[in-house]
Number of protein chains: 2
Amino acid sequence: MESSSFSKPSNMDGTQGIESGVKVANPRTVRSSDFFLRFLALITSLVAIIVLATSKETEIVPVIVIPTLPAINVELSAKWQYVQAFVFFMVINIIACVYAAISLVLSIASRAGSKGLLLMLIILDLVMMALLFSANGAAAAIGLIGVHGNSHLRWNKICNIFGSNCQHVVASVVVSTIGASVFLLLILLTVVNLQKRSH
Amino acid sequence: MESSSFSKPSNMDGTQGIESGVKVANPRTVRSSDFFLRFLALITSLVAIIVLATSKETEIVPVIVIPTLPAINVELSAKWQYVQAFVFFMVINIIACVYAAISLVLSIASRAGSKGLLLMLIILDLVMMALLFSANGAAAAIGLIGVHGNSHLRWNKICNIFGSNCQHVVASVVVSTIGASVFLLLILLTVVNLQKRSH
């Protein structure tokens, strides 16, 4: 019994839904969207991990040790492991990547009708979203001072020296923010679907 | 027709619910919890705003201008406006506070049965949660370097000079994180309620 996409609503197990005022999507479309979004979350977190992991940069920097003597060239490195916010960002993205992979399987299992499993998925999606947005906010805040510096705090900008490292950090945060937004959309998709099936 | 709290499930409009494996709460309890959580979100964001707004601290700091001359005492101030992450944190908490107040009214209105209004509330709750966790992450990341400093970045700690300011920032971030978690619980409450009413 195939239902049309935007006319009479039909719920996940094929029975007629209740008129909700909100257009009802085809259950197959909902399933495909859920699968696609979880896959996208996996890809974005994986890309964010790789981009940050490959951000190490080493530069020769002239350092003035004694003001009356000429500057000494020192080899300095920028690594994501040096900043707690980036370590947090990396750990959360690894967890998000692993969770996205596991939830792909669990999501297919939950379609069998287990409400408990579906609820567990929503709770974990919510927690994952919260952690990802926290990590993105933390990394972005450090990245912003790295780019511009802060004269009040007397924290110098870093990106004039480690430009490539900064580009990696910015790209990683942007991709991870897309990943966090994907979890937001996943929760929204579940809520819209539940609302259509509620009476 | 009053329903019992934990035996046979009954939905919002008094009809029999579907066996879900999850115990069904009394609709009144759900309404009270929703109202309580929105009120709590309002209070936490308001407290976070006040605590950060009152964080200004001025200290006399000895500054060495020329190494061969003695240090000069300089009056330095620490304000939340000096750091972009704290400005973002403040703006988001103000938006959260105003939204929590408006959503209290909207939430009562949505009980009349408008699914569109309920969906709008969930979307805004999700966006608010995302913004709050981002802002908390950003403020916490800066706060952490303020407390410990970072030798790799050559960013000195600030909290050994501006201790009171740092205490305000930490307290504000903790309270705001409670507020962000309240939005998470609000979404969870709505999802659990929708799931119980779905078929």
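We name chains A, B, ... by the order of the sequence lines, and we start the count at 1 in each one. Please read these numbers as outputs of a predicted model, since none were measured by experiment.
Highest contact tally toward chain B, considering only A:Val127, A:Leu76, A:Ile145, is held by A:Ile145 [criterion: heavy-atom pairs under 4.5 Å]. Of the listed residues (B:Gly149, B:Ser134, B:Ala180), the greatest number of heavy-atom pairs within a distance under 4.5 Å of chain A belongs to B:Ser134. Comparing B:Ala78, B:Ser77, B:Gly137 by heavy-atom pairs within less than 4.5 Å of chain A, the highest count is held by B:Gly137. Contact tally against chain A (heavy-atom pairs below 4.5 Å) for B:Thr177, B:Ile122, B:Ile187, B:Leu194: the top residue is B:Leu194. Ranked by heavy-atom pairs shorter than 4.5 Å toward chain B, the options A:Leu131, A:Leu132, A:Leu144, A:Asn136 are led by A:Leu144.
Residue-environment remark: CD (B:Glu75) stays at or below the threshold of 12 foreign heavy atoms within 6.0 Å. Counting non-hydrogen atoms of neighbouring residues, nucleotides and ligands closer than 6.0 angstrom, the CD atom of B:Gln84 reaches no more than 12 such neighbours. Annotation for A:Phe36: atom CZ does not count as buried by contact number, only 12 or fewer foreign heavy atoms lying within 6.0 Å.
For A:Ala85, the part lying near chain B is the side chain, with the backbone staying farther off; criterion is any non-hydrogen pair under 4.5 Å. Looking at B:Ala130, the atoms closer than 4.5 Å to chain A (heavy atoms on both sides) sit in the backbone and in the side chain alike. Both the backbone and the side chain of B:Ala141 come within contact range of chain A, each with at least one heavy atom under 4.5 Å from a heavy atom of that chain. When heavy atoms are compared at a cutoff of 4.5 Å, B:Ile158 approaches chain A solely by way of its side chain, counted from C-beta outward. Contacts of B:Asn150 with chain A are made by side-chain atoms alone, with heavy-atom separations under 4.5 Å and no backbone atom involved. If you measure heavy-atom distances from B:Leu126 to chain A, the contacts under 4.5 Å come from both the backbone and the side chain.
Tested against A:Asn93, the residues A:Ser45, A:Ser176, A:Ser172 include a single side chain to side chain donor-acceptor pair (under 3.5 Å) partner, A:Ser176.
At a threshold of 4.5 Å between non-hydrogen side-chain atoms, the residues A:Met128 and A:Ile95 count as touching.
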Q.
Between A:Leu121 and A:Arg38, does the side chain to side chain contact (heavy atoms under 4.5 Å, CB included) criterion hold? Intermediate values first, please.
A. CA-CA 11 Å; A:Leu121 269 180; A:Arg38 288 188 191 280; 4.3 Å; yes
Q: Under the side chain to side chain contact (heavy atoms under 4.5 Å, CB included) rule, what do A:Val169 and A:Trp80 come out as? Steps first, then yes or no, please.
A: CA-CA 8 Å; A:Val169 169; A:Trp80 60 268; over 6 Å; no
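B:Thr190 OG1 to B:Asp125 CG: the interatomic distance, rounded to the nearest 0.5 Å, is 6.5 Å.
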